[in-house]
Number of protein chains: 2
Amino acid sequence: MSTASQAHDYEKLLREAGVRITRPRRTILRILSEGGDHPDALEIFRRASAIDPSISLSTVYRTMRLLEDKGAIHRHAFANGPSRFEQADSDHHDHLIDMDTGAVIEFRSDRIEALQDEIARELGYEIVFHRLELYGRKRRG
Amino acid sequence: MSTASQAHDYEKLLREAGVRITRPRRTILRILSEGGDHPDALEIFRRASAIDPSISLSTVYRTMRLLEDKGAIHRHAFANGPSRFEQADSDHHDHLIDMDTGAVIEFRSDRIEALQDEIARELGYEIVFHRLELYGRKRRG
DNA sequence: ATGCCTGCAAATTATTTGCATCCCT
DNA sequence: AGGGATGCAAATAATTTGCAGGCAT
């Protein structure tokens, strides 16, 4: 359970990577560091607009791509829907999507991670990244 | 290793489900039963056009949706790309995608399956379906 | 015959891009 | 100043849908 806390200083990291920190980028970075959820581009745009009405959706998309390239965020393509993003600072985890509410629950299993590596190795491959999503419903009590 | 073999008689199953077996549907069914790969709608449309030039892309999309609803095929949304389909007759398996060639390798691990159920249960959920995709590269030998 | 299906074109949704202008560094 | 970044609108890509006519049952 990582306490959201000190809005990771991506600004510094990005700046060092030669990325200009502009107003829209700062706004988007702030939004990403705040919510612990997985918003899509449109939702990020909405939240950003509330802070800076002049921001454009194109810039949101462009920024998400930039941040993804720099490794600052992860892009998720959950079943039937637009890409959803989350900051990359936290440890690796997988997702369980509540099919009724759309809520995303994060979890991690070292055993599953290890098994995946094992399987890939047996097939002669090296994993670069993976996607594990469980889609389910709350168990009736 | 399922020998492709006897083009599963989806026609009968669908007919019994009250679905009309039309020419385009028969063509698409045939294509799905042939290739053991994971074509997207456009690719299916191309193959279908070679057999019946009058078929339309809309019908391919409509048919894929119908077959998905009837449980005859599975829809996969691999990283950044259109949906890709595969017939549902074979046993459940997950996918390893070769990032260099785009090739899709199928595999199955009962241990991973079991671990997923366990994790979901601990979180108070019941899995309806899941997605596990490994993206990797051939190990330099 | 009757109503589900189809092809075609137009509409949607998600995302990208061209271009003139703006503003970080 | 200088060039990357932005907003806006137009362009793409993937998929869906309205409608008039066609075909399976």
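Just so we're on the same page: letters track the sequence lines, and every chain starts at 1.
Between Tyr61(B) and the phosphate of dT16(D), there is no side-chain N or O to OP1/OP2 separation shorter than 4.0 Å. Put simply, Arg25(A) has a side-chain N or O that comes within less than 4.0 Å of OP1 or OP2 on dA5(D). OP1 and OP2 of dT15(D) both lie 4.0 Å or more from every side-chain N or O belonging to Arg62(B).
Between Lys12(A) and Glu16(A) there is no salt bridge, since no side-chain N of the basic residue sits under 4.0 Å from a carboxylate O of the acidic one. A salt bridge does not link Arg139(A) with Glu126(B): none of the charged nitrogens is closer than 4.0 Å to a carboxylate oxygen. Salt-bridge check for Arg65(A) with Glu68(A): failed, with every basic side-chain N at 4.0 Å or more from each acidic carboxylate O.
The C1' atoms of five pairs define one axis at each end of the helix from dA1(C)-dT25(D) to dT25(C)-dA1(D), and these two axes lie 40° apart (to 10°).
Shown here for His74(A) and Ala88(A), the closest heavy-atom pair between the two residues is NE2-CB, 3.6 Å. For Gln116(B) against Ile112(A), the heavy-atom pair with the smallest separation is CG-CD1, 4.1 Å. Closest of all the heavy-atom pairs between Ser56(A) and Phe45(A) is C-CE1, 3.6 Å.
At whole-Å resolution of the value, CD1 in Ile55(A) and C1' in dT6(D) are 10 Å apart. Distance NZ (Lys70(A)) to C1' (dG4(D)): 13 Å, rounded to an integer number of Å. One interatomic measurement links the two molecules: CZ of Arg23(B) to P of dA24(D), which rounds to 9 Å at whole-angstrom precision.
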Without placing hydrogens or testing angles, list every side-chain donor-acceptor pair under 3.5 Å for residues 96-106 of chain B, not counting sequence neighbours.
from, atom 1, to, atom 2, distance (Å)
Asp98(B), OD1, Asp100(B), N, 2.8
Asp98(B), OD1, Thr101(B), N, 3.0
Asp98(B), OD2, Tyr125(A), OH, 2.5
Asp100(B), OD1, Arg137(B), NE, 2.9
Asp100(B), OD2, Arg137(B), NE, 3.4
Thr101(B), OG1, Ala103(B), N, 3.1
Glu106(B), OE2, His38(B), NE2, 3.2
Glu106(B), OE2, His93(B), NE2, 3.4

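Taking for each of Leu57(B) and Thr59(A) the nucleotide of DNA chain D with the nearest heavy atom, the 5'-most of the two is the partner of Thr59(A).
If you check every strand for non-hydrogen atoms under 4.0 Å, Arg15(B) touches sugar and phosphate atoms only. As judged by a 4.0 angstrom heavy-atom cut-off over every strand, Thr22(A) is placed among residues touching the sugar-phosphate backbone only.
Nucleotides of DNA chain C with any atom under 4.0 Å from a heavy atom of chain B span, from 5' to 3', dG3(C) to dA9(C).
Other residues, nucleotides and ligands contribute over 12 non-hydrogen atoms within 6.0 Å of the CZ atom of Arg46(B).
Every residue two or more places apart in sequence or in another chain that forms a ring-ring contact (aromatic ring centres under 6.0 Å, His included) with Phe78(A) is listed here: His76(A), His95(A). Taking the ring-ring contact (aromatic ring centres under 6.0 Å, His included) definition, one finds that Phe107(B) meets it with nothing, sequence neighbours left out.
Across residues 37-54 of chain B, not one residue has a non-hydrogen atom less than 4.0 Å from an atom of DNA chain D.
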Inset, instruction - Run the numbers on Leu14(A) and Arg25(A) for side chain to side chain contact (heavy atoms under 4.5 Å, CB included), then give the verdict. - result: CA-CA 10 Å; Leu14(A) 291 171; Arg25(A) 283 176 182 172; over 6 Å; no
